[in-house]
Every structure is written in C-alpha cells, then in structure tokens.
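Okay, so here's the structure we're looking at.
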2 protein chains.
Amino acid sequence: MPEELPHPSLAEIRIERVLHALADPVRLHMVRELATLSEGVACGSIELPISKSTRTHHLRTLREAGVVSVRPSGTARITSLRRDDLDALYPGLLEGILNAPH
Amino acid sequence: MPEELPHPSLAEIRIERVLHALADPVRLHMVRELATLSEGVACGSIELPISKSTRTHHLRTLREAGVVSVRPSGTARITSLRRDDLDALYPGLLEGILNAPH
DNA sequence: CTCGTAGTTTGATGCATCTCGTACTACGAT
DNA sequence: ATCGTAGTACGAGATGCATCAAACTACGAG
C-alpha cells in the first residue's frame with residue numbers, strides 16, 4: 001500500500017556505482033552506521049550535520065546503487081544494508097571497507 | 001635520479017579516496033589490467049580510447065589515492081598495483097572488486 | 001646534436017554532484 | 001479535520017571532475 005521505491009536487482013547492480021556510492025564521506029558514514037545494526041533503521045535517526053534534503057539525496061544514491069534497501073513503514077522509511085546481496089556479488093568487499101580505519 | 005613522484009604512505013591512504021579512484025570506469029579498467037600482471041607496465045601500454053592527457057590524469061588520481069605506484073624508467077613510467085598495501089589496509093576489498101562481473 | 005617517443009602541464013569546456021532552502025506529500029495522533 | 005512528523009521534489013548555486021588539444025619536458029637512439 002505505501003509507495004514502493006525502485007531498487008536495482010542483483011543483476012542490475014554495477015560495481016562502479018557501488019564504489020561511487022561508498023566513496024562519499026557522508027554515505028560511508030551512513031553505511032557504517034547501518035552495518036552496526038542487525039535490523040534496519042529510520043533514515044533520520046542516523047545523526048549527521050546535514051539538511052533533510054541532502055540526507056534524502058544521499059539515501060537515494062545508496063539505494064539506486066544497490067547498497068541499501070528502503071521500505072516504507074508508516075510515515076517513516078526503514079533503511080537497511082543489502083549485506084547479503086553485496087556479499088554475493090563482491091565477496092570480501094564490504095568487510096574490507098567496514099574494517100578500514102575510520 | 002629521475003624525478004620521483006609523490007605517493008601516499010600506508011598511513012596516509014584514505015578509504016574514500018581509494019573508492020573514488022576505483023569508481024571510474026576508465027580507472028577500474030586500468031586497475032583490472034594491472035592486476036593481471038605480476039610486474040608493472042608502462043602506462044601507455046594499457047589500451048584505452050582516451051587521450052594522453054586524460055590517461056595522465058587518471059594515473060595521477062590512482063597514484064595519489066594510493067592504488068598504484070609509479071616508478072620512472074627512462075622515458076617511460078612503470079605503473080604497478082599496490083596490491084600488498086591495499087590488502088594490508090583493506091583485506092578482501094581488492095579481491096572483491098577484481099572478481100566482480102565485468 | 002637532432003629527432004622521436006613517453007609522458008606532464010596548462011587551460012578550457014561541459015557535465016555531474018553536493019549542498020541548501022522552500023514547498024510539497026503522506027501518514028499518525030489528537 | 002487539524003496538526004506535527006518524516007521524508008520527497010524542485011530549483012539553484014557552487015564545486016568537482018572527465019575530457020580534450022596544445023605546448024612543454026625528459027630521455028634514448030641515431
């Protein structure tokens with residue numbers, strides 16, 4: 001019933017877009033936060049010194065690259081890391097990035 | 001004695017820059033080519049439909065990010081992948097990217 | 001010394017992206 | 001129905017980046 005947002009399928013995910021999505025400091029921070037949670041979280045609860053619209057922009061970039069999935073839940077949107085999909089496509093990549101010195 | 005080019009040390013390499021360097025299709029192709037060789041290679045021998053100056057620009061981006069090292073040898077410059085350094089900093093990352101569907 | 005080769009530097013152009021404020025939509029609570 | 005909350009959409013401004021051509025440097029060969 002709530003509007004579904006478009007996500008790339010496994011086959012549609014391209015490594016260049018994933019890397020570009022992860023290359024931004026703000027988005028990398030978001031991903032690191034998401035990685036510490038087993039469940040998804042509302043986008044707004046990730047603390048960041050940026051405006052709402054900038055947050056939306058980055059979340060969209062991550063979603064369109066296939067890094068996160070977003071599921072509407074009431075007035076909020078639950079964002080979660082597509083860890084299984086990324087691990088299936090690029091084994092080792094996510095771990096390598098998350099273990100990097102912050 | 002030929003002019004040395006500046007390379008970031010291990011401690012200076014930042015994950016955002018590495019990811020940004022790898023996010024470009026041209027540079028990713030360069031890295032894939034370099035990964036197939038055990039030894040370094042002259043930059044020009046990587047076949048690409050781009051101009052000389054564009055090639056230089058991308059090589060510089062890769063070098064400054066810490067992805068490749070460049071060593072002058074006569075009139076040529078031998079470029080090689082900093083595989084050991086990247087593996088030490090981000091274990092799994094390079095493998096995950098190189099094994100990705102082209 | 002002269003020439004050709006390999007690569008860099010500079011400057012310009014066009015496109016992408018990061019950022020924001022404002023206006024808008026969707027949903028829940030009162 | 002009204003209000004507040006969570007987030008999106010739309011411009012707009014500034015910066016960054018990919019690309020090229022042209023001029024330049026550095027080295028080796030002859």
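In what follows, chains carry the letters A, B, and so on, assigned in the order in which the sequence lines appear, proteins first and then strands, with residues in each chain numbered from 1.
For the side-chain contact (heavy atoms from CB on, under 4.5 Å) with B/R77, the lone residue among B/L59, B/V41, B/T56, B/L5 that qualifies is B/L5.
In this structure, A/R55 atom CZ and D/dA9 atom C1' are separated by 17 Å, rounded to whole Å. Computed from coordinates, the A/H57 NE2 to C/dG21 P distance equals 15 Å when rounded to whole Å. Atom CD1 of A/I50 is separated from atom P of D/dA6 by 16 Å (rounded to the nearest Å). The interatomic distance linking B/E16 (CD) with C/dT17 (P) rounds to 18 Å, in whole Å. One atom, CZ of B/R77, and another, C1' of C/dT5, lie 14 Å apart when rounded to the nearest Å. Straight-line distance from the CG atom of A/L59 to the C1' atom of D/dA9: 15 Å, rounded to whole Å. Summarising the geometry, the separation between CZ on A/R60 and C1' on C/dT19 is reported as 15 Å, rounded to the nearest angstrom. Atoms CD (B/E64) and P (D/dC17) sit 11 Å apart, rounded to a whole Å.
The side chain of A/T56 contributes no N or O atom lying less than 4.0 Å from OP1 or OP2 of D/dG7.
Of the candidates D/dC20, C/dA6, C/dC20, the closest approach to any side-chain atom of B/T54 belongs to D/dC20. The listed nucleotides are D/dC10, C/dC18, C/dG7; the one nearest the side chain of A/R27 is C/dC18. If you check C/dC18, C/dT9, D/dC17 against the side chain of B/H20, the one that comes closest is D/dC17. The side chain of B/S53 lies closest to D/dA22, out of D/dA22, C/dG7, C/dT5. Side chain of A/K52, nearest nucleotide from D/dA26, C/dA23, C/dC18: C/dA23. Across C/dG7, C/dC27, C/dC18, the shortest atom-to-atom separation from the side chain of A/H58 is found for C/dC18.
Residue B/S51 places no side-chain atom within donor-acceptor reach of the base of D/dA21, judged by atom type and a 3.5 Å distance cut-off alone.
For the pair A/R17 (side chain) and A/V67 (backbone), a donor-acceptor distance under 3.5 Å is absent. In this structure a side-chain-to-backbone donor-acceptor pair under 3.5 Å is present from A/R27 to A/A21.
B/R55 CZ: more than 12 foreign heavy atoms inside a 6.0 Å radius.
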